[in-house]
Amino acid sequence: MAVTKPFRAAVVGLGRAGHIHTAVLRSLDDVTLVAVADPDPVRRAAFDSVHTAASAEDLLELELDYCVVATPITEREQVGLALAAAGIPALIEGPIAPSLPAAMRLAEAFDNAGLLGAVIQIERYNPAVTELGVRLRGGDFGSVYQVTTRRYDRFHDPSPPMGVVTETATHDVDLAMWLTGSHVTSVAANVARVSGCGDEDHAVALLRLSGGEIAEIQVNRISPYKERVVIAHTDRVYVVADALTHTITHYAHDGLGDAARATNPTPHLAGKVTSYEVPDADPFRRLHEAFRDALLGLPSNIATLRQGAAGIAATEAILAAARTGTCVTPTDHILPTANLRAAQTPAPVIARDSPSRDDHAGNHHAAPI
């Protein structure tokens with residue numbers, strides 16, 4: 001059925017991420033970028049074809065169907081709460097707030113308003129990571145008992161606004177929870193300030209998850225070598241998803257334990273190494289397609305604001321564990337007791353004069369996961 005009224009979208013914050021979001025929104029079917037907001041007039045001047053404003057508050061009367069929040073982390077709660085109060089669904093850069101209480105205020109505001117709110121966990125949409133998730137869900141690799149992530153960045157900012165755990169580890173915690181379908185129950189960690197600049201710039205954390213899995217999170221921004229890998233350890237294989245080269249490499253063995261060996265369908269592959277490249281796809285486009293589908297009430301793998309808050313709870317526990325030298329339990333009761341890997345099907349959110357679900361029926365399919 002032909003679409004009669006595209007979704008009206010806006011972006012708040014026109015830094016690097018904001019510019020990426022505006023470009024993707026302009027390329028999407030059924031979405032029209034109608035406004036942007038940023039306090040910098042030079043940034044706003046690059047958008048002469050849409051409504052521009054200095055602040056998010058100036059966009060609230062534009063009958064938006066949703067808004068992307070790409071402001072600095074310290075401003076995301078304020079902008080998100082304003083959008084929730086105005087009845088506007090939001091897609092918010094992660095971490096969604098600088099602290100767990102702030103993140104929970106955001107999540108509860110959208111929940112109480114019956115609005116769709118989501119956190120941008122862009123690593124879920126990397127082609128190699130998406131492929132890893134698809135194959136783990138399909139049972140191709142057996143049962144996961146550990147997830148390892150390595151996120152190494154080069155040193156480039158002598159005055160970082162926050163430590164590497166607060167800034168980036170939430171994305172890796174999200175991957176561990178998303179790939180296993182479990183939540184974090186305890187944390188042990190160590191951090192270091194190797195460069196002498198700002199807060200911690202190197203961290204290693206061990207997480208125990210509710211399904212009995214272990215997650216090892218390594219993050220730093222002092223490496224001469226950039227690396228982004230996600231590794232799944234299973235009872236059948238050791239699988240490496242390289243987010244930079246978009247490759248999957250798995251190393252087969254004959255199963256761990258008698259039961260695993262008895263049920264392993266491919267014992268003849270023990271010792272075999274298989275590597276292949278995953279077809280390229282724009283993670284930001286996949287993200288926005290997933291959010292659009294969620295607005296329509298279609299199956300979607302968006303990260304909810306409560307999942308974003310759970311990631312912040314885990315990163316706060318990482319810092320507390322490193323500070324005290326003890327195992328720390330993150331705050332409970334953030335997430336509902338549901339499988340985090342399950343496809344989410346939010347109720348449709350139809351904003352003022354937005355296209356109805358019937359207008360879009362049959363035009364879109366759910367995102368890959």
Side-chain angles (χ1 to χ4, degrees), residues 73 76-77 92-108 117-124 129 133 144-152 162-192 199-221 228-233 301-341:
I73 184 174
R76 292 171 194 170
E77 180 193 7
I92 305 174
E93 278 286 350
I96 57 175
S99 69
L100 179 59
M104 289 304 299
R105 286 192 292 268
L106 264 179
E108 289 168 358
V119 55
I120 296 171
Q121 298 288 12
I122 198 64
E123 299 295 349
R124 291 190 183 192
V129 178
V144 180
Y145 64 85
Q146 180 175 327
V147 172
T148 299
T149 67
R150 292 199 301 268
R151 179 189 298 269
Y152 295 167
M162 65 195 74
V164 69
V165 171
T166 301
E167 184 176 25
T168 67
T170 53
H171 301 293
D172 300 286
V173 170
D174 176 74
L175 288 180
M177 294 192 297
W178 179 63
L179 290 171
T180 61
S182 301
H183 62 271
V184 180
T185 58
S186 68
V187 176
N190 276 296
V191 304
D199 295 320
E200 82 286 342
D201 49 26
H202 175 64
V204 178
L206 283 176
L207 284 54
R208 171 67 72 176
L209 305 179
S210 57
E213 308 92 345
I214 296 170
E216 180 186 9
I217 308 294
Q218 301 179 35
V219 291
N220 82 49
R221 54 185 176 211
R228 296 274 195 286
V229 297
V230 182
I231 303 168
H233 309 250
N301 68 324
I302 58 166
T304 67
L305 294 181
R306 285 189 178 271
Q307 289 176 352
I312 292 173
T315 57
E316 290 188 354
I318 289 172
L319 293 175
R323 185 174 59 251
T324 61
T326 62
C327 284
V328 173
T329 301
T331 302
D332 289 331
H333 311 303
I334 295 174
L335 294 171
T337 54
N339 192 320
L340 299 177
R341 292 188 298 180

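- At a threshold of 4.5 Å between non-hydrogen side-chain atoms, the residues Glu316 and Ser99 count as touching.
- Proximity of Thr149 to Val230: side-chain heavy atoms (C-beta onward) are separated by under 4.5 Å at one or more points.
- Note that CZ of Arg306 is 5.5 Å distant from CD of Glu108, once rounded to the nearest 0.5 Å.
- Of the candidates Arg228, Gln218, His202, Tyr152 forms a side-chain hydrogen bond (donor to acceptor under 3.5 Å, both in side chains) with just one, namely Gln218.
- Side-chain contact between Leu179 and Val144 is absent, with no heavy atoms from C-beta onward closer than 4.5 Å.
- Atom-to-atom distance recorded for Leu175:CG and Thr148:OG1 is 12.0 Å, nearest 0.5 angstrom.
- Checked by atom type and distance alone, the side chain of Thr315 never pairs as donor or acceptor with a backbone atom of Val165 at under 3.5 Å.
- The side-chain heavy atoms of Ile214 and Arg208, taken from C-beta on, include a pair separated by under 4.5 Å.
- A donor-acceptor pair under 3.5 Å links the side-chain atoms of Glu200 to the main chain of Val164, judged by distance alone.
- Ser182 and Glu213 are linked by a side-chain donor-acceptor pair at a separation below 3.5 angstrom, with hydrogens and angles left out of the test.
- Considering CD of Glu77 and CZ of Arg105, their distance stands at 4.0 Å, rounded to 0.5 Å.
- Residues Pro330 and Ala317 share a closest heavy-atom pair of CG-CB, 4.0 Å.
- Distance check, rounded to the nearest 0.5 Å: CD1 of Ile120 to CG of Asp174 gives 12.5 Å.
- Note that CD1 of Ile92 and CD1 of Ile73 are 11.5 Å apart. Values are rounded to the nearest 0.5 Å.
- The side-chain hydrogen bond (donor to acceptor under 3.5 Å, both in side chains) with His171 is formed by just one residue from the set Arg124, Glu123, Gln121; it is Gln121.
- With Ile217 as reference, Asp172 is the one residue of Val147, Val204, Asp172 to meet the side-chain contact (heavy atoms from CB on, under 4.5 Å) rule.
- Across every non-hydrogen atom of Leu207 and Val187, the tightest pair is CG-CG2, 4.1 Å.
- The CE atom of Met104 lies 10.0 Å from the CG atom of Leu305; values are rounded to the nearest 0.5 Å.
- Here the closest non-hydrogen pair linking Val184 and Ala314 is CG2-CB, 4.3 Å.
- Taking both residues in full, the closest heavy atoms of Thr170 and Pro95 are given as OG1-CG, 3.7 Å, listed atom of the first, atom of the second, then distance.
- Between Asp199 and Val191, every side-chain heavy-atom pair lies at or beyond the 4.5 Å cut-off.
- Side-chain contact between Ile231 and Arg150 is present, with heavy atoms from C-beta onward closer than 4.5 Å.
- Here the closest heavy-atom approach between residue Ile312 and residue Ala103 is recorded as CD1-CB, 3.7 Å.
- The two residues Thr324 and Val328 make their nearest non-hydrogen contact at OG1-CG2, 4.3 Å.
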